[in-house]
Structure formats: C-alpha cells, structure tokens
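Remember, it's a predicted structure, so these values are computed and weren't measured experimentally. Each residue takes its place number in the sequence, starting with 1.
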Amino acid sequence: MIAPIDFGIPRVVGFRVNGPITTADIQPWASLLENKIQQEGKLRVYVEYETISGITWNALVQDLKFDLKHLGDFEKAAIVSDKTWLNLAAKVAGFLPNLEVKTFSFTEKEQAKQWIIS
C-alpha cells in the first residue's frame, strides 16, 4: 500500500510505503506524479518505507518504466527507512545527474522533512 503524506507544497510529493507493492499501488501514483510534473516542473519526493514485503514483477516493471521516462524530472529525494538495502538503492540513484538523494532513519524523519522542503 502507498499512502500520501501532505506537505502542503505543490512541488513536494510525499508518500508512505507499507506491505507488498502491486500495479494497483503504482498506477495511481505514477499518474499523480506525471500530472504534478506537467504542472510544477521538477519535483521533490519524500518517501517513508515502513515495511516492504515485496513487489510484484509487473509493479517493478511499471515502476522502472516510469523512472526511466522521468529521469530528469526530480531534483531531490529523501528516503526514510531502517532497511539497509534501500540505503544502497538510494546511493545508486544518487549517481543520476541533477538528482540529490539523501537517506534518513526513522529517528531522523523530521530532519528528512526539513531537508526535502529546503
């Protein structure tokens, strides 16, 4: 399940991820992000990964297609998680040009929120 986190700032999109991820979870978020990109330009994304018990193959493919299509449409990403493998994924994403990625633990959640809006 993917649930919104409202920052009240049009260029900042936040969400919380729990449980298994399916295409039914990815589709609405992909549409929302595409609309926001058209309206606002480059976005900042804040993501809290609470529990992840997997992602379906179709959801992974859909997510990768979205990511490749929108490589240059994000300027900052804050990843909040206590999962070490997500920290590695965030470091890899940090190699993308013009994208600043930082990881935070759940105890640093407020710091992450301040960083994404600054």
Legend entry - Backbone N/O of G19 and side chain of T51: donor-acceptor pair under 3.5 Å: yes
Inset, instruction - Mind listing the closest non-hydrogen atom pair of A78 and A112 along with its distance? - result: CB-O, 4.2 Å
Inset, instruction - Could you tell me how the ring of W115 sits relative to the ring of F104: parallel (under 30°), tilted (30 to 60°) or perpendicular (over 60°)? - result: tilted
Legend entry - Side-chain heavy-atom pair I117, K113 within 4.5 angstrom cut-off: no
Legend entry - Gap between atom CZ of F106 and atom CD of E48 - 0.5 Å precision: 5.0 Å
Legend entry - Distance in Å, T23 OG1 paired with I55 CD1, rounded so as to fall on 0.5 Å steps: 9.5 Å
Legend entry - same_hphob_cluster(M1, L32) at 4.5 Å side-chain heavy-atom cutoff: no
Inset, instruction - Working to the nearest 0.5 Å, report the span between CD of Q27 and CG of D63. - result: 12.0 Å
Inset, instruction - Any chance you could measure I9, atom CD1, to E40, atom CD, to the nearest 0.5 Å? - result: 11.0 Å
Legend entry - Between OH on residue Y46 and CZ on residue R16, distance to nearest 0.5 Å: 7.5 Å
Legend entry - Test item: K76 side-chain N/O and S118 main-chain N/O as donor-acceptor pair under 3.5 Å: yes
Legend entry - In one Ile/Leu/Val/Met/Phe/Trp/Tyr side-chain cluster, 4.5 Å: V61, L33: yes
Legend entry - Backbone of T22 reached by a side-chain donor or acceptor of D25 within 3.5 Å: yes
Legend entry - Validation row: E75, R44 side chains within 4.5 angstrom (heavy atoms): yes
Inset, instruction - Determine whether I26 and I21 make a side-chain contact, defined as any pair of heavy atoms from C-beta on separated by less than 4.5 Å. - result: yes
Legend entry - Approximate separation, where rounding is to 0.5 Å, of K109 NZ and I5 CD1: 7.0 Å
Inset, instruction - Would you check if the side chain of E108 reaches a backbone N or O of S105 as a donor-acceptor pair within less than 3.5 Å? - result: yes
Legend entry - R11 backbone acceptor or donor facing K36 side chain under 3.5 Å: no
Inset, instruction - Report, as yes or no, whether the 6.0 Å neighbourhood of atom NZ on K65 holds more than 12 heavy atoms from other residues, nucleotides or ligands. - result: no
Inset, instruction - Specify whether F66 and H70 have parallel, tilted or perpendicular ring planes, treating 30° as the upper limit for parallel and 60° as the lower limit for perpendicular. - result: tilted
